[in-house]
Amino acid sequence: MVATCRRMNDSGINQGTAGNLSVRNPRGFLITPTSLPYDRMEPEDLVQMAFDGTYEGRHRPSSEWRFHRDIQQARPDINVVLHCHSVYATTLACHHKPIPSFHYMTGIAGGTTIRCARYATFGTQGLSDAAIEALEDRLACLLGQHGQISLGKTPAAALALAIEVETLSRLYVQALTLGEPPILSDEEMARVLQQMKNMSYGQAPDLEGVNDTARPKPAA
């Protein structure tokens with residue numbers, strides 16, 4: 001977790017002590033402490049929390065512990081919640097602008113769009129409720145006038161998704177300087193999502209009925 005937080009800042013998707021990370025464990029979840037710079041953070045600084053809101057450790061948990069707890073409870077399909085203030089994603093979030101399927105990689109978050117949650121004060125139950133709503137059937141969302149959240153089964157997966165969300169956000173902001181970009185249809189995005197699912201299962205990225213597939217060369 002500490003290494004992931006440091007990579008989050010080194011990658012440029014987060015600044016200073018902003019952002020936070022949680023990872024599910026048998027006792028609830030571990031979460032980063034509040035206001036401790038990542039370059040000074042050590043594993044023993046991580047805070048153990050239970051789903052009833054109690055915690056153990058030498059630091060207080062992140063001020064955003066509520067949405068970490070609620071997402072972990074609501075989403076048994078994931079183990080990691082990563083939150084950061086990446087610049088381009090936050091730029092869109094400041095305009096409450098979701099990311100549409102202007103590029104097929106929008107599907108990496110699990111749907112045809114990356115939604116933007118309504119604004120709520122940081123650290124509140126209202127923000128947690130808004131995030132849960134925006135993350136329905138998704139692995140990432142923007143937070144209105146705040147930042148982004150990305151989910152994953154591992155810290156590496158959540159970080160990779162957060163970086164991809166920031167890349168898509170930058171592309172979308174730049175595309176908008178030329179006007180509203182064309183949007184891929186829901187039918188095409190359904191094909192994209194199926195391709196991505198096939199690849200996640202280790203299958204060649206070809207649609208059903210397509211015979212021209214990459215395959216190992218038979219042994220001589």
Side-chain polar contacts of residues 156-174 - donor-acceptor pairs under 3.5 angstrom, sequence neighbours left out - could you list them?
residue: Glu166; atom: OE1; partner: Ser86; partner atom: OG; Å: 2.8
residue: Glu166; atom: OE1; partner: Tyr88; partner atom: N; Å: 3.3
residue: Glu166; atom: OE1; partner: Ala89; partner atom: N; Å: 2.9
residue: Glu166; atom: OE2; partner: Val87; partner atom: N; Å: 3.4
residue: Glu166; atom: OE2; partner: Tyr88; partner atom: N; Å: 2.8
residue: Thr167; atom: OG1; partner: Ile163; partner atom: O; Å: 3.0
residue: Ser169; atom: OG; partner: Val165; partner atom: O; Å: 2.8

Got a donor-acceptor contact below 3.5 angstrom from the [X] side chain to the [Y] backbone?
| X | Y | value |
| --- | --- | --- |
| Thr90 | Ala93 | no |
| Ser150 | Ala140 | no |
| His95 | Lys97 | no |
| Lys153 | Val80 | no |
| Asn14 | Ala18 | yes |
| Asp129 | Gly126 | no |
| Thr106 | Thr112 | no |

If you round to the nearest 0.5 Å, how far is [atom2] of [Y] from [atom1] of [X]?
| X | Y | atom1 | atom2 | value |
| --- | --- | --- | --- | --- |
| Glu44 | His59 | CD | NE2 | 8.5 Å |
| Met199 | Lys197 | CE | NZ | 14.5 Å |
| Asn9 | Cys84 | CG | SG | 9.5 Å |
| Glu64 | Leu143 | CD | CG | 8.0 Å |
| Asp70 | Leu135 | CG | CG | 11.5 Å |
| Arg115 | Cys141 | CZ | SG | 9.0 Å |

Mind listing the closest non-hydrogen atom pair of Gly107 and Met189 along with its distance?
N-CE, 3.7 Å

Of all heavy-atom pairs between Gly111 and Leu193, which one has the smallest distance, and what is that distance?
N-CD2, 4.0 Å

Check the pair Arg138 / Thr113 against side-chain contact (heavy atoms from CB on, under 4.5 Å), numbers first and verdict last.
CA-CA 9 Å; Arg138 297 288 193 274; Thr113 63; 3.3 Å; yes

Check whether more than 12 heavy atoms from other residues, nucleotides or ligands sit under 6.0 Å from atom CZ of Arg58, and answer yes or no.
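Enclosed: over 12 neighbouring heavy atoms sit under 6.0 Å from CZ of Arg58.
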
Any chance CZ of Phe51 has more than 12 other-residue heavy atoms, nucleotides or ligands included, within less than 6.0 Å?
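Atom CZ in Phe51 is crowded, with more than 12 foreign heavy atoms closer than 6.0 Å.
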
Can you check whether [X] reaches [Y] side chain to side chain, under 4.5 Å on heavy atoms?
| X | Y | answer |
| --- | --- | --- |
| Thr4 | Met8 | no |
| Ile149 | Ile71 | yes |
| Leu46 | Met41 | yes |
| Trp65 | Arg60 | no |
| Cys116 | Leu92 | no |
| Phe122 | Ser63 | yes |
| Leu82 | Leu151 | no |
| Phe67 | Thr124 | no |

Kindly work out whether a path of hydrophobic side-chain contacts (I/L/V/M/F/W/Y, heavy atoms less than 4.5 Å apart) joins [X] to [Y].
| X | Y | result |
| --- | --- | --- |
| Val192 | Met105 | yes |
| Leu139 | Val23 | no |
| Ile114 | Tyr119 | no |
| Tyr104 | Ile99 | yes |
| Val2 | Val47 | no |

Distance-only donor-acceptor pairs under 3.5 Å for side chains of residues 24-34, two or more places apart:
residue: Arg24; atom: NE; partner: Ile78; partner atom: O; Å: 3.3
residue: Arg24; atom: NE; partner: Asn79; partner atom: OD1; Å: 3.2
residue: Arg24; atom: NH1; partner: Gln72; partner atom: O; Å: 3.1
residue: Arg24; atom: NH2; partner: Gln72; partner atom: O; Å: 3.0
residue: Arg24; atom: NH2; partner: Gln72; partner atom: OE1; Å: 3.2
residue: Arg24; atom: NH2; partner: Arg75; partner atom: O; Å: 3.0
residue: Arg24; atom: NH2; partner: Ile78; partner atom: O; Å: 2.6
residue: Asn25; atom: OD1; partner: Arg27; partner atom: N; Å: 3.2
residue: Asn25; atom: OD1; partner: Gly28; partner atom: N; Å: 3.1
residue: Asn25; atom: OD1; partner: Phe29; partner atom: N; Å: 3.4
residue: Asn25; atom: OD1; partner: Gln48; partner atom: NE2; Å: 3.2
residue: Asn25; atom: ND2; partner: Gln48; partner atom: OE1; Å: 2.7
residue: Arg27; atom: NH2; partner: Glu56; partner atom: OE1; Å: 2.9
residue: Arg27; atom: NH2; partner: Glu56; partner atom: OE2; Å: 2.4
residue: Thr32; atom: OG1; partner: Leu21; partner atom: N; Å: 3.2

Please determine whether salt bridge (Lys or Arg N to Asp or Glu O under 4.0 Å) holds for the pair Glu133 and Arg118, giving the CA-CA distance in whole Å, both sets of side-chain angles, and the decisive distance to 0.1 Å.
CA-CA 9 Å; Glu133 180 181 312; Arg118 63 184 185 277; 2.9 Å; yes

Ring centers of His68, His83 separated by less than 6.0 Å:
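No - the distance between ring centres of His68 and His83 does not fall below the 6.0 Å cut-off.
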
